[in-house]
Amino acid sequence: MSFYGIAGLFISSYLWCTILWNVGSGYDRFDRKEGIVRIFRWGFPGIKRRVFLQFLMRDIQSIRIQVKEGLYPRRILYMEIRGQGFIPLTRTDEKFFTPREIEQKAAELAYFLRVPIEI
């Protein structure tokens, strides 16, 4: 029993630190004048706490929607970049998007970037 208590204490302290440090939050900036996309996220404290990605808009290949229904539904919006793979644009814990809302966000972003949508 003490093993499970200690394991639970470590897991809960990890989760509380993740919440307090606001890991995964940030912003996405799409600048059509400069043709540059900037993505910023906060990570865990350390040397690489700030995650900053910058690339050209012409390198964006598509916008992808991943929908998993069931007991733990997930609706995630990804952006496919040439040579870099898929970059998530929505948080993975945002379960409150309805399928219509995630499709609307994907359609607006794809229209702005002039790229296709993949499902």
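Every value quoted in this text rests on a predicted model; they were computed, and no experiment measured them. Note that the numbering runs from 1 along the sequence shown for the chain.
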Tell me, please, which residues at least two apart from E118 pass salt bridge (charged side-chain N to carboxylate O under 4.0 Å, His left out).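 Applying salt bridge (charged side-chain N to carboxylate O under 4.0 Å, His left out) to E118 gives R64.
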
Between [X] and [Y], is any pair of side-chain heavy atoms under 4.5 Å apart?
{"X": "L20", "Y": "C17", "result": "no"}
{"X": "M57", "Y": "L113", "result": "yes"}
{"X": "F55", "Y": "I60", "result": "yes"}
{"X": "E103", "Y": "E108", "result": "no"}

So, for A107 and I117, which heavy atoms are closest and what is the spacing to 0.1 Å?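 Minimum heavy-atom separation between A107 and I117: CA-CD1, 3.7 Å.
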
Nearest heavy atoms of A106 and I63, plus distance in Å: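 Result for this residue pair: CB-CG2, 4.2 Å.
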
Please tabulate, one pair per line, all N/O donor-acceptor pairs under 3.5 Å involving side-chain atoms of residues 6-15, not counting sequence neighbours.
residue: S12; atom: OG; partner: G8; partner atom: O; Å: 3.1
residue: S12; atom: OG; partner: L9; partner atom: O; Å: 2.9
residue: S13; atom: OG; partner: L9; partner atom: O; Å: 3.2
residue: S13; atom: OG; partner: F10; partner atom: O; Å: 2.8

Output side-chain donor-acceptor pairs under 3.5 Å for residues 34-54, partner residues at least two apart or in another chain, one line each.
residue: E34; atom: OE1; partner: R38; partner atom: NH2; Å: 3.2
residue: R41; atom: NH1; partner: Y27; partner atom: O; Å: 3.3
residue: R41; atom: NH1; partner: D28; partner atom: OD1; Å: 3.0
residue: R41; atom: NH2; partner: D28; partner atom: OD1; Å: 3.0
residue: R49; atom: NH1; partner: G43; partner atom: O; Å: 2.4
residue: R49; atom: NH2; partner: W21; partner atom: O; Å: 3.2

Hydrophobic cluster membership, I102 vs Y111, 4.5 Å side-chain cutoff: no

Starting from V67, can I reach M79 by hopping between I/L/V/M/F/W/Y residues whose side chains sit under 4.5 Å apart?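 Yes.
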
Could you work out, with side-chain contact (heavy atoms from CB on, under 4.5 Å) as the rule, every residue matching K68, not counting sequence neighbours?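 K68 satisfies side-chain contact (heavy atoms from CB on, under 4.5 Å) with Q66, R74 only.
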
Taking distance alone, no hydrogens or angles, what donor-acceptor pairs closer than 3.5 Å link side-chain atoms of residues 81-89 to residues at least two apart or in another chain?
residue: R82; atom: NH1; partner: R58; partner atom: O; Å: 3.3

Of all residues at least two apart in sequence or in a different chain, which pass the side chain to side chain donor-acceptor pair (under 3.5 Å) check with Q61?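 So Q61 forms no side chain to side chain donor-acceptor pair (under 3.5 Å) with any residue.
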
